[in-house]
Amino acid sequence: MKRKFLAVAMTLALAASALAGCGSKTSSVSESKETQATTVAAAETTKAPESKAADSKADKGEGVLIGVAMPTKDLQRWNQDGTNMKKELETAGYKVDLQFASNDVQTQVSQIENMISNGCQLLVVASIDGSSLGEPLAQAKSMGIPVIAYDRLIMNSDAVSYYATFDNYKVGQKQGEYLVEALGLEKATDPKNIELFTGDPADNNCKFFFGGAMDVLKKYVDNGKLVVKSGQTAFEQVATANWDSEKAQNRMDTVIAGNYSDGTVLDAVLCSNDSTALGVENALASSYTGKYPIITGQDCDIANVKNMVQGKQAMSVFKDTRTLATQVVKMVDSIIKGGEAEINDTKTYDNGTGIIPTYLCDPVVVTVDNYKDMIIKSGYYTEDQLK
């Protein structure tokens with residue numbers, strides 16, 4: 001705006017000089033300078049409030065569209081993640097395009113492409129398959145759109161700017177440590193029977209969950225204090241596509257029929273999350289008659305907390321999605337305003353193109369003894385939701 005007024009002022013000054021003809025050069029220059037000064041002052045006066053308003057909008061994130069891609073509405077935790085993220089971003093002044101992809105990879109690809117074409121200036125993506133987003137993310141990178149991988153690391157893409165998640169290896173460690181203590185494995189003289197369930201093999205987090213737990217439990221399997229009667233211990237054998245409760249239930253039905261229908265006691269089931277735990281619990285209710293096993297989980301889904309209260313699940317690792325959403329909004333804010341996002345891990349998460357700068361939130365163990373403090377008093381759920 002300033003340049004436009006200045007150009008007009010110079011043109012008027014030159015025209016005035018030409019018309020004056022016989023006037024002195026000194027007088028013409030003087031008049032031109034006065035005209036320029038007046039025009040510049042007017043331009044600055046006009047610009048000042050506009051500039052402050054623009055800066056204020058930028059400070060609040062107003063007018064900036066953020067794309068948030070979530071895997072599915074079918075699992076409670078992703079509904080909560082999406083809702084928390086949208087609420088936090090809108091509170092910060094951003095516009096939000098939130099999409100759920102029904103656990104369909106091509107749907108998520110199309111949604112991200114639409115977010116890009118609709119003018120999103122940053123993408124937050126919780127991927128369905130961390131290796132299937134290369135094309136739309138390459139497009140985002142070519143347009144200078146930053147990408148934050150949300151809770152699930154996006155693999156084999158150099159378009160990923162940051163990763164925000166919970167310490168997923170620690171989630172598995174906490175599950176394993178809980179089982180060691182609950183089963184009394186250090187002092188146990190008789191072997192305990194355990195079965196293993198983890199989640200979707202396309203989810204990179206699975207390897208951290210399962211790896212963290214098995215790094216704790218493996219020595220007890222090796223020394224015979226833990227026995228997997230089904231013989232299914234490899235990651236590929238115990239994975240559950242799409243973290244699907246029904247698939248976990250079907251597999252558990254088969255495991256029970258083949259190994260525990262004769263009265264053999266099942267002492268524990270390692271479940272990497274609550275949806276697989278729910279499937280296991282449903283199978284136990286329908287086809288297992290022995291002493292009830294210790295079952296782990298993750299996410300503190302409402303159905304699982306209810307089962308915890310009823311003695312059907314021993315623990316769940318709580319990942320407060322409000323904490324993660326708050327941290328991601330801080331990261332978005334920093335990036336949009338031209339800064340660098342806060343991180344606390346620069347060594348762990350390699351997506352195949354290099355280490356991705358990461359922020360890790362801490363998970364905590366929730367049991368029947370502390371669930372009221374952790375998830376009701378904190379406002380995560382109400383008591384009515386758990387009745």
Side-chain angles (χ1 to χ4, degrees), residues 67-71 77-78 81 85 101 105 108-109 112 122-176 198-218 234-236 238-243 272-273 298 317 319 321 323-325 327-328 330-332 334-335 339-363:
V68 179
M70 291 285 155
R77 69 142 303 181
W78 294 119
D81 281 78
M85 181 68 54
V105 173
Q108 189 167 61
V109 168
I112 293 172
L122 186 145
L123 298 173
V124 178
V125 179
S127 62
I128 297 168
D129 182 342
S131 299
S132 300
L133 299 177
E135 189 172 335
L137 295 190
Q139 183 183 350
K141 183 180 179 181
S142 71
M143 298 177 68
I145 300 172
V147 176
I148 298 176
Y150 183 90
D151 200 49
R152 292 177 173 178
L153 184 59
I154 298 169
M155 304 301 292
N156 305 315
S157 171
D158 62 358
V160 181
S161 309
Y162 294 97
Y163 180 35
T165 188
F166 287 85
D167 191 330
N168 297 316
Y169 183 82
K170 189 180 287 187
V171 169
Q173 277 185 316
K174 287 181 178 293
Q175 291 170 337
T198 192
D200 194 326
D203 182 350
N204 188 64
N205 288 352
C206 262
K207 295 172 184 176
F208 288 95
F209 299 144
F210 189 67
M214 293 310 294
D215 281 352
V216 174
L217 299 176
K218 186 176 183 300
F235 177 83
E236 293 75 16
V238 303
T240 308
N242 295 325
W243 300 91
S272 287
N273 87 322
Q298 173 190 181
V317 178
K319 304 189 305 185
T321 55
T323 301
L324 185 57
Q327 187 58 42
V328 171
K330 289 179 182 177
M331 296 172 82
V332 169
S334 296
I335 296 167
E340 295 185 357
E342 179 185 2
I343 57 172
N344 58 14
D345 187 295
T346 57
K347 297 179 180 179
T348 307
Y349 294 94
D350 188 335
N351 78 338
T353 65
I355 298 294
I356 304 301
T358 299
Y359 191 93
L360 298 175
C361 299
D362 279 328

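What's counted below: heavy atoms across the whole structure, side chains too, no hydrogens, waters or symmetry copies.
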Let's go through Val109 and Glu135 carefully: what are the C-alpha distance in whole Å and the side-chain angles of both, what is the deciding distance for side-chain contact (heavy atoms from CB on, under 4.5 Å) to 0.1 Å, and is it a yes or a no? CA-CA 8 Å; Val109 168; Glu135 189 172 335; 5.9 Å; no

Please determine whether side-chain contact (heavy atoms from CB on, under 4.5 Å) holds for the pair Val147 and Leu133, giving the CA-CA distance in whole Å, both sets of side-chain angles, and the decisive distance to 0.1 Å. CA-CA 12 Å; Val147 176; Leu133 299 177; over 6 Å; no

Does the pair Arg77 and Asp151 meet the rule for a side-chain contact (heavy atoms from CB on, under 4.5 Å), with working shown? CA-CA 11 Å; Arg77 69 142 303 181; Asp151 200 49; 2.7 Å; yes

Start with the C-alpha distance between Gln175 and Phe210, add both sets of side-chain angles, then the distance that settles side-chain contact (heavy atoms from CB on, under 4.5 Å), and finish with yes or no. CA-CA 9 Å; Gln175 291 170 337; Phe210 189 67; over 6 Å; no

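For the atom pair Thr165 OG1 and Ile148 CD1, the distance stands at 13.0 Å (nearest 0.5 Å). Distance check, rounded to the nearest 0.5 Å: CG of Leu137 to CG of Leu123 gives 7.5 Å. Taking CE from Met70 and CG from Asp81, the interatomic distance works out to 5.0 Å, rounded to the nearest 0.5 Å. Taking CD1 of Ile343 as the reference point, atom CE of Met331 lies at 8.0 Å (rounded to 0.5 Å). With rounding to the nearest 0.5 Å, the separation of OG1 in Thr346 from CD1 in Ile356 is 12.0 Å. For the atom pair CG of Asp362 and NZ of Lys319, the computed distance is 12.5 Å after rounding to the nearest 0.5 Å.
In this structure, Asn156 contributes its side chain and Gly352 its backbone to no donor-acceptor pair below 3.5 Å. A donor-acceptor distance shorter than 3.5 angstrom exists from the side chain of Gln298 to the backbone of Ser272, with no hydrogens or angles considered. Proximity of a side-chain donor or acceptor of Asn351 to a complementary backbone N or O of Ser157 within less than 3.5 Å is detected. No donor-acceptor pair under 3.5 Å is formed between the side chain of Thr240 and the backbone N or O of Gly199.
Between Pro71 and Ser127, the shortest heavy-atom contact is CG-O, 4.2 Å. Nearest heavy-atom pair, Leu324 versus Ala164, reported as atom, atom and distance to 0.1 Å: CD1-C, 3.9 Å. Pro363 and Lys174 make their closest contact through O-CE, 3.2 Å (heavy atoms, listed as atom of the first residue, atom of the second, distance). Heavy atoms only, all atoms of each residue included: Tyr150 and Ala325 are closest at OH-N, 4.3 Å. Nearest heavy atom pair, residue Ser161 against residue Pro146, reads OG-CA, 3.6 Å. Across Thr358 and Leu360, no two heavy atoms sit closer than the pair CG2-CD2, 3.6 Å.
Aromatic ring orientation, Trp243 versus Phe209: perpendicular (interplanar angle above 60°, classes split at 30° and 60°).
No option in Asp203, Asn205, Asn168 other than Asp203 meets the side-chain hydrogen bond (donor to acceptor under 3.5 Å, both in side chains) test with Arg152. Residue Tyr349 is tested with Tyr359, Tyr162, Tyr163 for a ring pair (Phe, Tyr, Trp, His ring centres under 6.0 Å); the sole match is Tyr163.
Aromatic ring centres of Phe166 and Phe208 lie farther apart than the 6.0 Å criterion allows.
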